Enquirer: 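Okay, handing you the structure first.
Starting from 1, each residue takes its place in the sequence as its number. Remember, predicted model here, so these are calculated numbers, not experimental data.
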Amino acid sequence: MRWVVAAVAAALVFPGAAGAARIVTWTTTSRYVDPSRATSGYNHPGAPARPNALRVNVFLPDGYDPRSSRRYPVLYLLHGVGDAYDSWSLPGQGEILDVARGFPGFIVMPEADRGFYTNWWNGGRRGDPGWERYHLDELIPLVEARLPILPGRRWHAIHGFSMGGMGAIFYASQRPGYFGSAGSSQGVLSLERPEFQQPPVFQAFIEQDRDSIFGDPAAQGFYWAGHNPLKLVENLRWTRLYVAVGNGVPSPGESSGQGQLAEAELHNQADDFVAAARAAGVEVDYRPQQGTHDWPSRRKHLREAIATWGFFEPVRESPAGWTYRTVASEGSMWGLGFSFASPPAGMEVFTRSGDVLRGAGTGRVTITTADGCAFTAALPFERAIPSGCRVLRRPLTLTVRPRSVRAGRRTTFRFLVIGVPRLVPGVVTSHGLRRSQVLPPPPRRIARARIWFAGRSLLTDSRGRTRTTRRLFRPGRFTVRATKPGWIAARGRVTVLPARR
């Protein structure tokens, strides 16, 4: 198995005491984005060279103390093309410590290169890189495992600039049950405008090959639509939206030139998006104003969003009816997981009304509820959402590598903890769902399981993994234990062989 680990300096993430707001940096790895190809910091002339990596800046609020039981809201803040994970924190650019002064929660600022927050089409591979999968399936669980985040979508928000504005609205549309509020500053919100899709224009904006990211507009139109905020407004019916854009006229401190032309196009995109969103019944705070595609405007927009709009206002947590559109192979919609047998070849549409779920499109999909019930169906379908399943915990399983070492040799030990729930069907609703169609939930990796080994205590990350480097000098057998509240503990062994003479 390939290990996916977030390497974080413990002294940075777990400081000894509370203090003023500060920024710490994490370095992560991913199954979906090759860190060695994630260009970072190329937009900072004169800065010392740094290796490519998937870094994340995290704003820790005033008074944050990891020893406290207090939980906080979280804002994901996305950067634009030509920027990097630290652009929001740099002087003369985002200046986040000043702009977010007094902010009540964490701000997570990840690396996204020029990836456009998309699983790249790449001739149908839908990855290499897979930025959606990295941010939604790896980074968010990592943040939830490492930081004390308040539960509930009201307390989870996302915002971005330019490419990041598109990413923020798109991610909110794909995880509507997680994000309650989403903001865009000068974002690409109408991806399929003919003026924007032209290769010279797209290349000027994105600085990447158009067809590699989204495919050819004629042949892969569904993939463009599946990433176009304008075409996904129905997903955002219960999400608060903030949209700010300039008019191309420089504000004080802004330069003229290409930024003016860019903002004129993005103003048109914002008009189109807001009109479509409001027609779909989506709440939008729209703020067109003076400004160009430059840092003074984006700082102003973020400051206004924090001060006068508010990222953590009340939202409906679990609406009884909704529509969800996607081209993703798997994901989560309002607490229902979905996984297609084959990658979708068109826009898939799910609609919930009470306890009934309808699917429109093609292919076979497995739907899984939060309590472990599941069914598989061919689209189109109409089925009752199963309920009444009870999940019993089975023993944890613990994998230790290596299992034998030589005494005195410095060795890195790796641990993986997996739990295999057992499903006991209870009362299952009708509408054609038979008890035999209720499937057991799949095995899952256990975050924050505690590993006890050679006098040390370790916690697993969001992928159920952790590691430690030790020298064991006494030959014999060492017991390794994995524990987690609600689960039966697991044991493993490491054999220490005599040192070679």
Side-chain angles (χ1 to χ4, degrees), residues 1-10 12-14 24-35 38 53-58 60 66 71-76 85 105-112 119 129-153 155-156 158 171 174-175 177-179 328 330-332 335 337 339 368 370 391 393 396-401 413-421 441-451 457-468 482-487 490:
M1 292 184 182
R2 181 180 173 187
W3 291 79
V4 183
V5 179
V8 185
L12 291 177
V13 179
F14 302 114
V24 299
T25 301
W26 301 354
T27 300
T28 72
T29 61
S30 171
R31 293 182 296 164
Y32 306 112
V33 177
D34 183 351
L54 290 173
R55 299 182 183 89
V56 183
N57 265 1
V58 181
L60 304 178
R71 291 181 173 271
Y72 295 82
V74 62
L75 168 66
Y76 288 81
Y85 76 98
F106 301 113
I107 303 177
V108 179
M109 297 163 277
E111 179 61 58
N119 294 334
W131 289 100
E132 300 166 43
R133 301 298 302 276
Y134 165 57
H135 290 133
L136 297 177
D137 297 344
E138 294 180 325
L139 179 62
I140 291 178
L142 175 66
V143 170
E144 292 277 343
R146 290 193 175 274
L147 298 174
I149 306 298
L150 281 166
R153 61 190 299 263
W155 306 110
H156 310 150
I158 189 167
Y171 282 177
Q174 296 303 289
R175 293 294 185 273
Y178 186 81
F179 291 112
E330 59 185 81
S332 176
S339 178
T368 307
V391 177
R393 301 304 186 189
L396 298 173
T397 62
L398 171 65
T399 301
V400 183
R401 295 288 186 271
F413 295 92
R414 295 176 171 83
F415 310 96
L416 172 64
V417 180
I418 295 176
V420 186
R444 65 185 182 90
R445 301 180 182 206
I446 305 300
R448 300 191 71 79
R450 189 167 294 278
I451 303 293
S457 172
L458 310 164
L459 288 176
T460 58
D461 63 13
S462 62
R463 302 292 298 172
R465 294 162 170 163
T466 189
R467 69 170 78 184
T468 185
T483 62
K484 173 84 173 181
W487 296 81

Enquirer: Parallel, tilted or perpendicular: which describes the rings of Y76 and F179, with under 30° parallel and over 60° perpendicular?
Expert: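 Perpendicular, since the angle between the ring planes exceeds 60°.
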Enquirer: Please report the interatomic distance OH(Y32) to CG(D137), rounded to the nearest 0.5 Å.
Expert: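 Between atom OH of Y32 and atom CG of D137 there are 5.5 Å.
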Enquirer: Which atom names give the shortest non-hydrogen contact between L136 and P141, and what distance separates them?
Expert: O-CD, 3.7 Å
Enquirer: So F415 and F413, would you call those rings parallel, tilted or perpendicular, with 30° and 60° as cut-offs?
Expert: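 Rings of F415 and F413: parallel, under 30°.
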Enquirer: Kindly say whether E330 contributes a backbone atom to a donor-acceptor pair with the side chain of S339 at under 3.5 angstrom?
Expert: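 Not at all, since once roles are kept as given, no pair shorter than 3.5 Å links the two residues.
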Enquirer: What pairs with P148 under side chain to side chain contact (heavy atoms under 4.5 Å, CB included), at least two apart in sequence or on another chain?
Expert: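 Result, side chain to side chain contact (heavy atoms under 4.5 Å, CB included) vs P148: Y64, R71, Y72, F106.
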Enquirer: Counting C-beta onward and ignoring hydrogens, is there a side-chain heavy-atom pair between W155 and I149 closer than 4.5 Å?
Expert: no
Enquirer: Quick one: closest heavy-atom pair of L60 and V24, and the distance?
Expert: CD1-CG1, 3.9 Å
Enquirer: In sequence, state the C-alpha distance, the side-chain angles, and the governing distance for W26 and V108, and then conclude on side chain to side chain contact (heavy atoms under 4.5 Å, CB included).
Expert: CA-CA 10 Å; W26 301 354; V108 179; 6.0 Å; no
Enquirer: Dump the intermediate steps for side chain to side chain contact (heavy atoms under 4.5 Å, CB included) on L147 and V58, then the final yes or no.
Expert: CA-CA 10 Å; L147 298 174; V58 181; 4.0 Å; yes
Enquirer: Using side chain to side chain contact (heavy atoms under 4.5 Å, CB included), reason through T28 and E138 one step at a time and then give a plain yes or no.
Expert: CA-CA 9 Å; T28 72; E138 294 180 325; over 6 Å; no
Enquirer: Measure the CD1-CG distance between I418 and L398 for me, rounded to the nearest 0.5 Å.
Expert: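 The CG atom of L398 is 10.0 Å from CD1 of I418, to the nearest 0.5 Å.
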Enquirer: Donor-acceptor pair, E111 side chain versus A53 backbone, under 3.5 Å?
Expert: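 The answer is no, because no donor-acceptor pair under 3.5 Å joins these two groups.
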Enquirer: Considering all heavy atoms of both residues, which atom of L54 and which atom of T29 are nearest to each other, and what is their separation?
Expert: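 Where L54 meets T29 most closely, the heavy atoms are CD1-C, 4.4 Å.
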Enquirer: Between atom CG of L458 and atom CD1 of I451, what is the distance when rounded to the nearest 0.5 Å?
Expert: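 Here the rounded value is 7.0 Å.
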Enquirer: Between atom CG of D461 and atom CD1 of I446, what is the distance when rounded to the nearest 0.5 Å?
Expert: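 That separation rounds to 12.0 Å.
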Enquirer: Of the non-hydrogen atoms in T466 and T460, which two are nearest, and what is the gap between them?
Expert: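 Between these two residues, the closest heavy atoms are CB-CA, 4.0 Å.
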Enquirer: Taking side chain as C-beta onward, heavy atoms only, is H135 less than 4.5 Å from R175?
Expert: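 Heavy-atom side-chain distance check fails, nothing below 4.5 Å.
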Enquirer: Could you tell me whether the side chain of R465 and the main chain of R414 form a donor-acceptor pair under 3.5 Å?
Expert: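 Flag not set: sc R465 to bb R414 has no pair under 3.5 Å.
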Enquirer: Taking all non-hydrogen atoms of both residues, which atom of R448 and which atom of A145 are closest, and how far apart?
Expert: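 Nearest pair, atom of R448 first, then A145: NH1-O, 2.7 Å.
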Enquirer: Quick check for you: to the nearest 0.5 Å, what is the distance between S462 atom OG and I140 atom CD1?
Expert: 11.0 Å
Enquirer: Please find the pair of heavy atoms, one from A490 and one from L396, that lie closest to each other, and give the distance.
Expert: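 Smallest interatomic distance, heavy atoms only, reads CB-O, 3.1 Å.
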Enquirer: Donor-acceptor pair, distance only, cut-off 3.5 Å: does the side chain of E132 make one with the backbone of N119?
Expert: yes
Enquirer: Begin from the C-alpha positions of R450 and S457 and carry the test side-chain hydrogen bond (donor to acceptor under 3.5 Å, both in side chains) through to its verdict.
Expert: CA-CA 7 Å; R450 189 167 294 278; S457 172; 2.5 Å; yes
